[in-house]
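Okay, structure first, notes after.
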Amino acid sequence: MSLFVHRIGPACTIQDQGRVGYLDQGLSRSGAADLRALHEGAVLLGQSPQLAALEMAGMGGELEATQPLGIALTGAPMQASIDGAPVVWNASHQMEAGQRLVIGAVTRGTYGYLHVSGGVASKPFLGSRSAHLTAKIGRAVQAGDTLPANSGPPIRGMRLTPDDRFSGGVLRVIASFQTPLFDQETLDRFAQTEFRRGSRANRMGMQLDSEGEGFAAQGQLNILSEVITPGDIQMTGTGNPFILLPECQTTGGYPRIATVLPCDLPRAAQTPAGGKIRFEFVSMDEAAILQSAYKAELVRLAARVEPLVRDPHDIPDLLSYQLIGGMISATD
């Protein structure tokens with residue numbers, strides 16, 4: 001089974017949960033910018049969240065099923081149709097051989113995901129199928145490519161209501177090794193500032209803009225390069241914060257004022273250009289509780305999936321639905 005790519009956006013790549021264990025060799029994790037979307041696609045198709053999917057940054061494309069296969073659409077909502085008929089986002093659908101899926105631009109957020117039943121079966125490298133363009137591992141998907149898919153059973157259309165993580169909001173952060181280099185006045189101002197996601201953003205990181213002066217650390221010109229990870233917030237020489245994302249470098253010398261919790265990184269990555277962001281410092285104990293709650297929520301996603309088309313016999317509260325919105329007279 002496979003999907004043939006007739007046309008595709010300029011920044012679409014195959015991503016799974018990334019490769020770990022190579023920081024000491026200068027290779028960051030990569031993987032999906034919105035890992036939660038992988039879990040959502042997995043429960044919609046009844047498969048593992050470790051499987052690879054097509055990540056689409058801002059724009060999708062047109063793909064044709066070469067054989068019957070199930071698909072799911074998650075992440076940032078995008079306009080989508082199969083053979084011209086609109087299809088629901090955050091849902092799974094069955095495609096027959098020869099049918100064409102057209103995915104347009106995002107309506108909210110940044111990264112949309114196309115999952116296939118059985119997962120995209122591209123060639124793995126170092127234990128992952130994730131492209132890592134800055135490390136020249138893999139490449140962007142192009143027109144004329146074929147996305148191979150592992151075999152999977154026919155699927156029943158299902159849907160899932162996602163959380164609202166596509167317009168910015170509050171990001172919880174913890175202090176990093178270099179947070180003490182910023183005086184308390186600067187830290188307080190950082191936590192009180194409303195930032196906007198700037199135009200400079202990719203899978204390496206995203207710049208934030210704000211009113212007023214920038215943010216600087218004491219003696220920041222003498223800071224030695226240290227290990228950095230996705231979620232770290234670096235302050236550049238201009239005082240603009242950059243939130244580092246999956247393809248970030250593995251070491252850096254810019255001072256880091258804080259680190260975004262992993263459970264909030266999907267919200268950070270999905271913030272659209274101009275979206276507003278604020279930061280909230282939490283303790284390490286609070287961060288551990290929040291992260292545990294997030295993992296438990298991912299496990300419970302399967303319980304929230306429901307049929308895309310519901311049978312009235314299966315709706316216990318049918319009378320609560322306003323099936324008739326009003327009446328008119330045929331004789332008036």
Side-chain angles (χ1 to χ4, degrees), residues 1-5 8-19 29-66 69-78 80 82 87-95 101-104 106 109-125 127-133 137-142 145-153 155 157-160 162 165-166 203 245-247 265-266 269-270 298 301-302 305:
M1 295 192 296
S2 63
L3 285 169
F4 178 79
V5 181
I8 197 74
C12 297
T13 57
I14 303 302
Q15 299 294 338
D16 55 22
Q17 297 203 25
R19 49 186 64 82
R29 174 178 63 82
S30 189
D34 182 354
L35 288 174
R36 185 186 181 98
L38 292 187
H39 287 265
E40 292 170 341
V43 298
L44 286 168
L45 292 173
Q47 58 193 28
S48 170
Q50 303 289 336
L51 297 177
L54 176 66
E55 179 180 273
M56 302 167 288
M59 178 65 69
E62 182 176 353
L63 304 96
E64 179 181 346
T66 61
L69 82 165
I71 65 165
L73 303 165
T74 68
M78 309 171 90
I82 295 177
V87 294
V88 177
W89 202 262
N90 297 307
S92 57
H93 308 275
Q94 181 70 22
M95 291 185 66
L101 170 68
V102 176
I103 302 175
V106 293
T110 302
Y111 295 98
Y113 293 84
L114 167 61
H115 313 257
V116 296
S117 183
V120 177
S122 58
K123 185 177 180 181
F125 178 75
S128 171
R129 290 184 166 88
S130 288
H132 193 316
L133 301 185
I137 296 174
R139 60 171 175 80
V141 176
Q142 301 174 357
D145 286 349
T146 296
L147 304 184
N150 291 309
S151 60
I155 60 97
M158 307 296 286
R159 66 179 179 183
L160 175 69
R165 61 183 187 276
F166 306 109
R203 285 178 44 82
L245 295 177
E247 288 189 13
L265 271 180
Q270 290 287 16
L298 293 182
L301 280 178
V305 173

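This structure is a prediction, so every number in the text was calculated from the model and none was measured.
Just one residue in the list L51, L3, N150 forms a side-chain contact (heavy atoms from CB on, under 4.5 Å) with V116, and that residue is L3.
Pairing each heavy atom of L69 with each of A65, the nearest pair is CD2-CB, 3.4 Å. The shortest non-hydrogen separation linking T66 to S2 is OG1-OG, 2.8 Å. The minimum heavy-atom distance linking L45 with S117 is given by the pair CD1-N, 3.8 Å. Closest heavy-atom contact between P246 and A32: CG-O, 3.9 Å. Across every non-hydrogen atom of Y113 and A37, the tightest pair is CD1-CB, 3.5 Å. For the pair G75 and E40, the tightest heavy-atom approach, listed with the atom from each and the gap, is N-OE1, 4.2 Å.
The existence of a salt bridge linking R29 and E247 is excluded, since no basic side-chain nitrogen approaches an acidic carboxylate oxygen closer than 4.0 Å.
Atom CD1 of I103 is separated from atom CE of M59 by 11.0 Å, given to the nearest 0.5 angstrom. Rounded to the nearest 0.5 angstrom, D34 CG and Q270 CD are separated by 4.5 Å. Atom CD1 of I137 sits about 7.5 Å away from atom OG of S30, to the nearest 0.5 Å. If you take OG on S92 and NE2 on H115, they are separated by 10.5 Å, rounding to the nearest 0.5 Å. A distance of 6.0 Å separates CD1 of I82 from NE2 of H93, quoted to the nearest 0.5 Å. Note that CG of L301 and NE2 of H39 are 8.0 Å apart. Values are rounded to the nearest 0.5 Å.
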Please determine whether side chain to side chain contact (heavy atoms under 4.5 Å, CB included) holds for the pair F125 and R19, giving the CA-CA distance in whole Å, both sets of side-chain angles, and the decisive distance to 0.1 Å.
CA-CA 9 Å; F125 178 75; R19 49 186 64 82; 4.2 Å; yes

Please assess E62 against L101 for the test side chain to side chain contact (heavy atoms under 4.5 Å, CB included), listing each intermediate value before the final yes or no.
CA-CA 6 Å; E62 182 176 353; L101 170 68; over 6 Å; no

Tell me, with the steps shown, if I14 and V141 meet side chain to side chain contact (heavy atoms under 4.5 Å, CB included).
CA-CA 8 Å; I14 303 302; V141 176; 4.2 Å; yes

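In this structure, I71 and L114 have side chains that are in contact, with non-hydrogen atoms separated by less than 4.5 Å. Two residues are said to be in side-chain contact when any heavy atoms from C-beta on lie closer than 4.5 Å; D145 and R139 meet this criterion. Side-chain contact check for Q17 versus L38: some heavy-atom pair is nearer than 4.5 Å. For the pair L265/L35, no side-chain contact is recorded, criterion being any heavy-atom separation below 4.5 Å from C-beta on. With contacts defined as side-chain heavy-atom distances shorter than 4.5 Å, the pair T74/Y111 does not qualify. Side-chain atoms of L54 and I8, non-hydrogen and from C-beta on, do get closer than 4.5 Å to each other. Here the side chains of C12 and E55 are not in contact, with every heavy-atom distance at 4.5 Å or above. The shortest distance between side-chain heavy atoms of R129 and V120 does not fall below 4.5 Å.
Side-chain contact check for D16 and S130: at least one donor-acceptor pair (N or O, by modelled atom type) lies under 3.5 Å. Looking only at atom types and distance, the side chain of Q15 has a donor-acceptor partner in the side chain of R203 under 3.5 Å away.
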